[in-house]
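Worksheet: one structure, shown below.
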Amino acid sequence: MRLHYRGDRYKAAASPDLVEWVESGGLHSLDFLAAMGVYAQLATAGRDADFAYLGAVDRFFLLTSVLGRKDAMHPWLYDRTREVELAPDGFIDLWSRFHYKSSIGTLAGSVQEIINDPEITIGIFSHTQDIARKFVAQIKREFDGNENLRSLYPSICWIK
């Protein structure tokens, strides 16, 4: 089965081999260590267009590399991120507290939705208004202050 991948805004500038490999399912067939090898290989090539495309289609790369969340660099979190990516709707994630549900779903998920469709409207709800506001503030901080995000997605992030 061929999965539908987003990132259409970034495909033309990205390496055709990378796009073909991702869209043929190569990315989502990798385990944690193999993915780390691919990320390291891409880092040596240093092509921002490839990083932008990968951030649009690979939530783990977006979270750990673009958003700089090195604390999420763990095989179990990699597997959970892949689960969320491949089947994002119709499930409840019953992971323990402090197991990155909000980092993967709310932070990286919202940022990824916005870089793929800057006209999207996202609602963030919580049982208390303060928690929802903290998530919105965190997402806003990433777009305002994360230089990786700003340099990879200049059509989405305005210049200060």
Side-chain angles (χ1 to χ4, degrees), residues 1 3-11 13-14 19 22-23 25 27-28 30-32 35-36 38-39 42-43 48-160:
M1 176 180 139
L3 299 169
H4 170 71
Y5 288 94
R6 298 172 316 166
D8 290 341
R9 299 171 60 91
Y10 310 102
K11 280 184 189 180
V19 173
V22 167
E23 291 188 346
L27 173 67
H28 286 93
L30 299 178
D31 65 11
F32 176 75
M36 296 306 102
V38 169
Y39 297 160
L42 285 170
D48 282 353
D50 289 344
F51 299 151
Y53 173 69
L54 201 56
V57 298
D58 181 347
R59 193 175 297 190
F60 190 79
F61 179 81
L62 178 70
L63 179 65
T64 58
S65 297
V66 178
L67 299 180
R69 293 290 305 271
K70 301 298 183 200
D71 57 307
M73 195 72 76
H74 189 278
W76 190 86
L77 295 173
Y78 175 83
D79 290 343
R80 301 299 72 78
T81 304
R82 292 293 181 240
E83 286 177 359
V84 170
E85 282 178 324
L86 294 172
D89 301 319
F91 295 92
I92 184 167
D93 300 319
L94 295 175
W95 316 336
S96 299
R97 290 179 53 82
F98 306 107
H99 278 73
Y100 290 75
K101 292 182 300 291
S102 297
S103 296
I104 293 168
T106 306
L107 174 61
S110 297
V111 169
Q112 194 174 52
E113 290 294 332
I114 293 166
I115 63 176
N116 277 292
D117 178 8
E119 299 299 322
I120 194 169
T121 300
I122 297 173
I124 297 178
F125 300 90
S126 180
H127 68 284
T128 66
Q129 187 177 23
D130 286 343
I131 292 173
R133 284 185 178 176
K134 286 178 184 175
F135 283 125
V136 171
Q138 183 182 23
I139 294 164
K140 183 181 181 302
R141 266 193 316 274
E142 289 296 334
F143 279 102
D144 285 346
N146 183 316
E147 292 306 319
N148 288 333
L149 193 64
R150 296 172 61 79
S151 69
L152 291 177
Y153 306 101
S155 66
I156 307 298
C157 304
W158 58 90
I159 303 298
K160 288 183 177 184

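Numbers here simply count residues along the sequence, with the first being 1. Just the heavy atoms: all of them, side chains too, but no hydrogens, waters or symmetry mates, feed the values below.
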**Asked** So, for Tyr53 and Arg6, which heavy atoms are closest and what is the spacing to 0.1 Å?
**Response** CE1-O, 4.1 Å
**Item:** Rounded distance (nearest 0.5 Å) linking atom OG of Ser65 with atom CE of Met73
**Value:** 5.5 Å
**Message:** Can you confirm whether or not the ring centre of Tyr153 sits under 6.0 Å from the ring centre of Phe143?
**Reply:** no
**Message:** How close do Tyr10 and Ile156 get, counting heavy atoms only, and between which atoms?
**Reply:** OH-CG1, 3.7 Å
**Message:** Measuring only between side-chain heavy atoms, which start at C-beta, is Leu42 closer than 4.5 Å to Phe51?
**Reply:** yes
**Message:** Within this structure, what is the CD-OG1 distance for the pair Gln138 and Thr106, rounded to the nearest 0.5 Å?
**Reply:** 8.5 Å
**Item:** Ser151 side chain vs Asn148 backbone, donor-acceptor pair below 3.5 Å
**Value:** yes
**Request:** Check step by step if side chain to side chain contact (heavy atoms under 4.5 Å, CB included) holds for Lys11 and Glu23.
**Result:** CA-CA 11 Å; Lys11 280 184 189 180; Glu23 291 188 346; 2.4 Å; yes
**Prompt:** Under 3.5 Å, is there a donor-acceptor pair between the Tyr39 and Asp58 side chains?
**Reply:** yes
**Request:** Give, for atom CG of Leu149 and atom CD of Glu142, the distance between the pair rounded to the nearest 0.5 Å.
**Result:** 7.0 Å
**Prompt:** Of all heavy-atom pairs between Glu85 and Phe60, which one has the smallest distance, and what is that distance?
**Reply:** OE2-N, 4.1 Å
**Asked** Are Arg82 and Arg59 side-chain neighbours, meaning at least one heavy-atom pair lies under 4.5 Å?
**Response** no
**Message:** With rounding to the nearest 0.5 angstrom, report the CG to CZ distance, Leu54 to Phe61.
**Reply:** 5.0 Å
**Item:** Ser110 OG to Ile115 CD1 distance, which is reported to the nearest 0.5 Å
**Value:** 11.5 Å
**Fill in**
Scanning both residues in full, the closest heavy-atom pair of Thr64 with Lys70 reads O-NZ, 3.3 Å
**Complete:** Heavy-atom closest pair (Leu62 atom, Val111 atom, distance to 0.1 Å) is CD2-CG1, 4.1 Å
**Prompt:** Taking all atoms of both residues into account, what is the closest heavy-atom pair of Gln112 and Ala56, and its distance?
**Reply:** NE2-O, 3.3 Å
**Item:** Within-4.5 Å side-chain heavy-atom neighbours: Asn146 and Arg141
**Value:** no
**Message:** For Asp130, is there an ion pair with Arg133 - N to carboxylate O distance below 4.0 angstrom?
**Reply:** no
**Complete:** dist Asp144:CG -> Ile139:CD1 (nearest 0.5 Å) comes out at 12.0 Å
**Asked** Please walk me through it: do Ser155 and Arg9 pass side chain to side chain contact (heavy atoms under 4.5 Å, CB included)?
**Response** CA-CA 10 Å; Ser155 66; Arg9 299 171 60 91; 3.2 Å; yes
